[in-house]
Protein chains: 2
Amino acid sequence: MGMQLTEKQQRALQFIQSEISDRGRPPTLREIGSQIGVSSTNGVRYVLDALVRKGYLERSPMLSRGIELTDRSVRPNSKSDVREVPILGRIAAGIPITATENHEGRITVDKSFAPTDDTFALRVRGESMIEAGIREGDVIFARPQRTADSGDIVVAMIGEEATVKFYKPIGGRILLEPANSRFKPIIVESGTPGFQILGKVVGLMRKF
Amino acid sequence: MGMQLTEKQQRALQFIQSEISDRGRPPTLREIGSQIGVSSTNGVRYVLDALVRKGYLERSPMLSRGIELTDRSVRPNSKSDVREVPILGRIAAGIPITATENHEGRITVDKSFAPTDDTFALRVRGESMIEAGIREGDVIFARPQRTADSGDIVVAMIGEEATVKFYKPIGGRILLEPANSRFKPIIVESGTPGFQILGKVVGLMRKF
DNA sequence: AAATATACAAAACATTTGTTCACAAGTCAA
DNA sequence: TTGACTTGTGAACAAATGTTTTGTATATTT
């Protein structure tokens, strides 16, 4: 079976890819036709059939814009120096932070922001770290680790709540210090059930 | 204008987001309706109208699946491409900001942080915007533009110096306001030679 | 040459999908 | 209360979109 694409097939595939990527929806047969220079919807159909046969597309019959890209034709991010980081939704105690149902989305960032491939991201809620320049709505990146050095900014789990604070061990206790004079530090006996360091904050992104 | 979303609006928006992200196409009115429990397409229409009014969606009339997410409601995801943004070193008056010799390096970021392909980046020096959560060493992303709306954070050129400030036009003058009570606003007569708005700040990254 | 397959065009048709209209129940302010 | 406004239901309608049919030109095979 010839897996080579003709020029029209190639242009149709490219057009479909860029429409999905740019507009968030696949084109209609007529849109594809006018793009690749085929005036009949039946001609387009023919081109799409070929792309389906060759494994680049899937179609849903009788469905408007019922075109999906298969894995092999989803355009890969060619850049090697980036990493896709999951943005975790709610973090709940006991659930592994990598559970995919729990993701709010993914964001692609430079590897310098995501040093290890288990880096995760989190949207900041609340104002407790505002004097450290971390604001509500910011996305922070964290590298998973169970302990931290004094002065690190960490993501910690206290019961059902995830929180971002400065980490300051004092004797047998751990001080979780906010960067907001209106908030009080949290003091935790180390070994308290339900308390856990999830990771160290290594980066931050914000959109204006 | 009430920007709060009702429960149905929220569920509709979430559904639209996940359909676009998972299937690569927006849902139809009837699909949305059956998801959020509204049996009439006109009821769905009403919900979508609200989401458009509140700035979460755009619609194309008479177009199947003619729903697009606005920037604020696009969830960054793996399908979005990345863009390489130049980090400008010194910005000097008169030299085009795109001059390649002038680059400190390049950073790859999600397109949602670099909306246009002429987005540039800049490393922040000084503490003048610290109360806006912008700190020394942060990298800011800016979209080139010559004017701005009041309240925007802009990159402006004053003589030989580039600066990041709040933009506030007052009468024929322009107030460049720092976010630091220890600093004074800069007042510039519009039309002053050597003064120029270079762009509007759209994003920020920080490494810890 | 005749038969067959490919790659369309054009038009008619079927289905999906968005829009509009008429109506109703609930809310809220005057 | 009255009257607007919101948030729908339900049905009819209109436009968009996919499918099918018929036909044509070209290349390939037999």
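In what follows, every chain begins at residue 1, and chains take the letters A, B, ... in the order their sequences are listed.
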*Would you give the length of the straight line joining atom CG of B/D22 to atom CD of A/E68, rounded to the nearest 0.5 angstrom?*
9.5 Å

*Excluding sequence neighbours, so at least two apart, what forms side-chain hydrogen bond (donor to acceptor under 3.5 Å, both in side chains) with B/R25?*
none

_CD-CD distance between A/Q35 and A/E19, expressed to the nearest 0.5 angstrom_ = 7.5 Å

*Flag the pair A/I36 / A/E7 as yes when at least one side-chain heavy-atom distance between them is below 4.5 Å, and no otherwise.*
no

_I'd like to compare against my own output: the B/S/- annotation of nucleotides 16-25 of chain D with a strict under-4.0 Å heavy-atom distance to protein._
SBBBBB----

_Heavy-atom closest pair, residues B/A114 and B/V85_ = CB-CG2, 3.8 Å

*Heavy atom of residues 32-39 of chain B under 4.0 Å from DNA chain C: which residues?*
none

*Anything below 3.5 Å on both distances counts as a pair; with that, list the stems of at least three consecutive Watson-Crick or G-U pairs involving DNA chain D.*
C:1-30 with D:1-30

_Side-chain donor or acceptor of A/E131 paired with backbone N/O of A/S181 under 3.5 Å_ = yes

*B/I87 side chain reached by B/L122 side chain, heavy atoms, under 4.5 Å*: no

*Can you list the steps and then say if B/E177 with B/K184 is a salt bridge (Lys or Arg N to Asp or Glu O under 4.0 Å)?*
CA-CA 7 Å; B/E177 195 169 44; B/K184 284 189 184 148; over 6 Å; no

_Validation row: A/F183, A/N180 side chains within 4.5 angstrom (heavy atoms)_ = yes

*Out of A/R125, A/K207, A/R123, A/R206, which one pairs with A/D138 under the salt bridge (charged side-chain N to carboxylate O under 4.0 Å, His left out) rule?*
A/R206

_Side-chain H-bond candidate by donor/acceptor type, B/D118 with B/T116, under 3.5 Å_ = yes

*Please list, chain by chain and in numerical order, all residues satisfying side-chain contact (heavy atoms from CB on, under 4.5 Å) with B/I186, sequence neighbours excluded.*
B/I158, B/K165, B/L176, B/V188

*Covered region of DNA chain C, 5' end to 3' end, by chain A [heavy atoms, under 4.0 Å]*: C/dT6 to C/dT17

